[in-house]
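Report on the structure given below.
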Amino acid sequence: MRIVVGAMGPGRVALVDPSVSLEPFETVTMQEFPAVVRALESRHPRWVWADTRRWYPRLLAEGVRVDRCHDLVLAAALIDHSTTTASARDGGAHPRPAWLPAGPAEAGQAGAVVPVASAAHAALFDLGDFDGETQAPEAAVTDRPRDVRSVPIDAVLAEHARQLALVTASERPGALRLLVAAESAGALIGAELHAAGLPWHRGVHERVLEGELGPKPSPGRKPARMEEFAAEVRALLGAPAVNLDSQVDLLKALRRAGIQVESTSRWELREHEHPAIEPLVAYKKLARLFSANAWSWLDEWVVDGRFRPDYVPGGTATGRWATSGGGALQLPKNVRSAVVADPGWSLVVADAAQLEPRVLAGLARDEAMAEAGRGRDFYGGIVGAGVVETRDQAKVAILGAMYGATTGESGRLVPRLARAYPSAMALVDRAAADGERGASVTTLLGRSSPPPGVEWRAAQSRASQPEATAADERRARSGARDWGRFTRNFVVQGTAAEWALCWMAGLRSRLMAIAGDAAVPEQLAHRSGPVFERIPHLVYYLHDEIIVHTPRERADEVAAAVADAANEAGRLLYGAFPVEFPLDLAIVESYALADA
DNA sequence: GTAGCGCGCGCC
DNA sequence: AAAGGGCGCGCGCTAC
């Protein structure tokens, strides 16, 4: 069952079950809405709404969670740019409504051919309702509203019907259905992660800062240890006034001191011998910590023992998430010790071991590569197969293949990988070739890469003119190769993001089931907000890694659910194809202890 | 005073 | 240790 939600008149919310009628079966005020959702949730509907980020926080604030949804904004971004719907969209029979946020103008032409997803996913995401015989009402013409909650119900219904039609007409409807469901589940999870917050121990964080930077400086001053290194660098460069935080200033001072660098970046500095370099690198390290994740970050981002970043599911081209504010996806390892479970609680920390090579093996249906990944250590498996001599070589070669390395050790090793795993190599090479000629490529479940920009196309066509100069041609070739590296990586990174979404979505439903029969002692009530009191819940997500905060006595059960969900994600994407997704999994009190 | 950009660097 | 993909953020700096 689906329930479509939209605005009806000022301040009223209409609820429609399109399998029954396009007329609302109920209209309520925004204040009444959460209670109505709570009551209807027992019927296990899929909530169809314009934008989860707008609708769901309000529900969570009232202590209401929903099981499933269809996020029309996120789904439109997928459906309207997928190469798998290109022919269905051809001719403009399914125009995007004006209220949707503008996306890239056009999806590219049919791109990389990637294997078809298994259709064995109906149970988990329960997509049986997706093809429901929904009638399409006349599309209401609306301007783009400031708040998508005010999109009229008729416009929401029309958009829903449009999306269902396009998915059905897609070349791979099963895959695209799964992708829409997984992306929407991600939107629910993103909002819940924010509501729950990551448990953050201010005292532990401050001790790390004091250990590295010295005592907290007074406002406007730099920490003592930064000043010490800065003084040392200035003396050793013979530049008493140089501002180390100014790239231009610093570069001049370095050159005057005889260090011939092109930039002030750490990796280039390290290639030179000069006594000032070591303290300069140390200064930069501390400066980064001080400006990005020190006391002012704590003041701004940690409230009541919780770090609450704003996650942006689907925020990047490849489908990885972004965050806005707080830098949640760039937390330096040395401050992660501040992530500490509440008393009586544990953290279940899990990350997928070598996710991307495994995703590639499945994507290409490369039996030999999947065989190397049988067992915990993919890179060890490659060495074991005699492809390269050392684990480090295996790692560099694999990364080189996925990122398009052409030079260095990585570039030299890639050909050996190509001989051992021709199918996998052919898949990424084809993705690169497609990108080089400006075509879009598509992930396993149907997310397509954006087309290159107008400048890129202009450079390519300039180079093909008779009067093109050598410089024109060089620029065009270099641009083509850059874009090819992007599309090469896109199919792998994007499909890995899909695996991770399925993993998290499956985990979330397992955790909800665990919570459903939870009778956790009252004394374990903690500070994480009403919805998540006393129940295991996700608190962090980082591309291939998750953290669940759970009452300690539930930790083993949660860990099993995490592993189950990973296995199921593999089956959802690859069916019976034998690619494994082992986890590094730990039950700890502090995030810092999970690496051990 | 602020918007926008390049740089450098944190994470995957 | 090294130059290949994806991001966000803070800084200095320039242009307005």
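All values below were derived from every heavy atom in this structure, side-chain atoms included, with hydrogens, water molecules and symmetry-related copies excluded. Chain A is the first sequence line, chain B the second, and so forth, proteins listed ahead of strands; every chain is numbered from 1.
For A:E409 and C:dA1, the CD to P distance is 13 Å, given to the nearest whole Å. Per the geometry, NZ belonging to A:K395 stands 15 Å off C1' belonging to C:dA3, to the nearest Å. Between A:R412 atom CZ and C:dA2 atom P the separation is 12 Å, expressed in whole Å. For the pair A:L269 CG and C:dA1 P, the interatomic distance rounds to 15 Å; values are reported in whole Å. With rounding to whole Å, A:L286 atom CG is found 18 Å from C:dG10 atom P. Rounded to whole angstrom, the span from the CD atom of A:E268 across to the P atom of C:dA3 amounts to 12 Å. A:L254 has its CG atom 14 Å from the C1' atom of B:dG8, to the nearest Å. What separates CG of A:D392 from C1' of C:dA2 is a distance of 12 Å, to the nearest Å.
Legend: side-chain hydrogen bond (donor to acceptor under 3.5 Å, both in side chains) pairs involving residues 208-233 of chain A, not counting sequence neighbours, sorted by first then second residue: A:E212-A:N334, A:K222-A:D245, A:K222-A:Y283. Residue pairs meeting the salt bridge (charged side-chain N to carboxylate O under 4.0 Å, His left out) criterion with at least one partner in residues 353-364 of chain A, sequence neighbours excluded, are A:R320-A:E356. Here salt bridge (charged side-chain N to carboxylate O under 4.0 Å, His left out) pairs that include residues 246-261 of chain A, with residues two or more places apart or in two chains, are A:R255-A:E262. Among residues at least two apart or in separate chains, there is no salt bridge (charged side-chain N to carboxylate O under 4.0 Å, His left out) pair with a member in residues 395-409 of chain A. Under the ring-ring contact (aromatic ring centres under 6.0 Å, His included) criterion, the residue pairs touching residues 205-262 of chain A are A:W200-A:H205, A:H205-A:W297, with sequence neighbours excluded.
Counting any heavy atom pair closer than 4.0 Å across all strands shown, A:R481 reaches no nucleic acid atom.
Candidate nucleotides B:dC12, B:dG8, C:dA3 were compared by shortest atom distance to the side chain of A:W267, and C:dA3 ranks first.
Between A:E389 and A:R416 there is a salt bridge, since at least one side-chain N of the basic residue sits less than 4.0 Å from a carboxylate O of the acidic one.
Legend: residues meeting side chain to side chain donor-acceptor pair (under 3.5 Å) with A:R376, ordered by chain and number and at least two apart, are A:D584. Remark: A:Y541 pairs with A:W321 by the ring pair (Phe, Tyr, Trp, His ring centres under 6.0 Å) rule, at least two apart or across chains. For the side chain to side chain donor-acceptor pair (under 3.5 Å) test, residues two or more places apart in sequence or in another chain that qualify with A:H194 are A:D310.
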Could you give the side-chain donor-acceptor pairs of residues 322-331 of chain A under 3.5 Å, partners two or more places apart or in another chain?
none

*When you check every protein heavy atom under 4.0 Å of nucleotides 4-9 of chain C, what one-letter string (B, S, -) results, 5' to 3'?*
BBBSBS
Listed pairs, N/O of protein and of nucleotides 3-6 of chain B, under 3.5 Å:
none

Just the atom pairs and distances: protein N or O near nucleotides 13-16 of chain C's N or O, under 3.5 Å.
unit_1, atom_1, unit_2, atom_2, d
C:dC13, OP1, A:S246, OG, 2.3

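When the options A:L507, A:V349, A:L193, A:L583 are evaluated for a side chain to side chain contact (heavy atoms under 4.5 Å, CB included) with A:I546, the one that passes is A:L507.
Taking only side-chain nitrogens and oxygens, A:K285 never comes nearer than 4.0 Å to OP1 or OP2 of B:dC9.
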